[in-house]
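Following: one structure in structure tokens, then a few remarks.
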Amino acid sequence: GKAVSGRDAGDGVGTGDASIGIVAQSIGGGGGTSSAGVTLIGGADAPDMGGGDGGQVAVTLQDSATVLTRDDEALGILAQSVGGGGGNGANAFGFIAAVGGNGGAGGDAEDVTVKLQNDAGAVSTEGLFAAGTVAQSIGGGGGNGGYARSYGIMTSIAIGGSGGNGGDGGDVTVDNQ
């Protein structure tokens, strides 16, 4: 995902269950799934595919701006950077030997910053399980390793692939001035 930045100097009202006043997100794309197929001596995976990175996210509420949500499970501000999930390694089949593919690494998430620079404004929620501000930076999960299956008369070997590493999350800052 790319960097996301937003400034709000006006008023906003969200109504309805699970409504959101302001949404700022950057989400990396997920890695694909590779395929290997069947070979005479053994199957092996194509290169693994990692998830894309989430970009930086910044939200600034300034002046006398207000955000108000009025129903259950609503959010005033949702700011998040999310890394994409890693790709899946291929399953492998072969005669005598097969090696499953490794899962791709999850994408990293970047920093998330929310600045509430308002003298007379506010972020307000009304309703059950409602939150004023949710800010999060979540690294993507690693991909699944592929399994392996081999067939042989006297001997055969099958080695499954490893799961991919998860991505890192960035710093999260909420500054209420």
Side-chain angles (χ1 to χ4, degrees), residues 1-8 12 14 16-39 42-62 67 69 73-94 98-117 123 129-149 158-176:
K2 297 287 185 179
V4 175
S5 179
R7 291 185 183 273
D8 186 7
D17 287 347
S19 62
I20 303 173
I22 296 174
V23 178
Q25 298 177 309
S26 179
I27 302 174
T33 297
S34 62
S35 61
V38 177
T39 63
D45 185 26
D48 56 17
M49 297 173 278
D53 295 338
Q56 285 189 334
V57 175
V59 175
T60 301
L61 194 65
Q62 55 192 45
V67 176
T69 59
E73 301 171 2
L75 301 175
I77 298 173
L78 173 62
Q80 58 185 188
S81 175
V82 181
N88 295 312
N91 299 325
F93 306 92
V99 178
N102 293 329
D108 294 333
E110 294 290 330
D111 297 345
V112 175
T113 304
V114 177
K115 292 183 180 179
L116 307 174
Q117 300 175 334
V123 177
F129 307 108
T133 300
V134 175
Q136 38 188 328
S137 179
I138 304 168
N144 300 313
Y147 70 83
R149 186 180 300 163
I159 301 171
S162 299
N165 293 328
D168 294 328
D171 293 332
V172 176
T173 304
V174 177
D175 187 4
N176 189 5

TODO: Supply the atom-to-atom distance Asn176 CG to Gln117 CD, rounded to the nearest 0.5 angstrom.
DONE: 10.5 Å
Task: Selection residues 129-142 - residue pairs positive for side chain to side chain donor-acceptor pair (under 3.5 Å), sequence neighbours left out - done: none
TODO: Could you list the residues that satisfy side chain to side chain donor-acceptor pair (under 3.5 Å) with Gln25, not counting sequence neighbours?
DONE: Gln80
Task: Partners passing side chain to side chain donor-acceptor pair (under 3.5 Å) against Asn144 (at least two apart in sequence or in another chain) - done: Asn88
Only distances under 3.5 Å count here; give the side-chain donor-acceptor pairs of residues 105-115 to other protein atoms, sequence neighbours excluded, each with its distance to 0.1 Å.
unit_1: Asp108; atom_1: OD1; unit_2: Asp168; atom_2: N; d: 2.8
unit_1: Asp111; atom_1: OD1; unit_2: Asp171; atom_2: N; d: 2.9

Task: Nearest heavy atoms of Val174 and Ala135, plus distance in Å - done: CG2-CB, 3.9 Å
TODO: Identify the heavy atoms of Ala148 and Gly100 that sit nearest to each other, and give their distance.
DONE: CB-N, 3.6 Å
Open item on the list: Just to verify, what does Ile20 make a side chain to side chain contact (heavy atoms under 4.5 Å, CB included) with, not counting sequence neighbours?
Closed with: Val23, Leu75, Leu78
Open item on the list: Applying side chain to side chain contact (heavy atoms under 4.5 Å, CB included), can you list everything that pairs with Asp17, at least two apart in sequence or on another chain?
Closed with: Asp71, Asp72
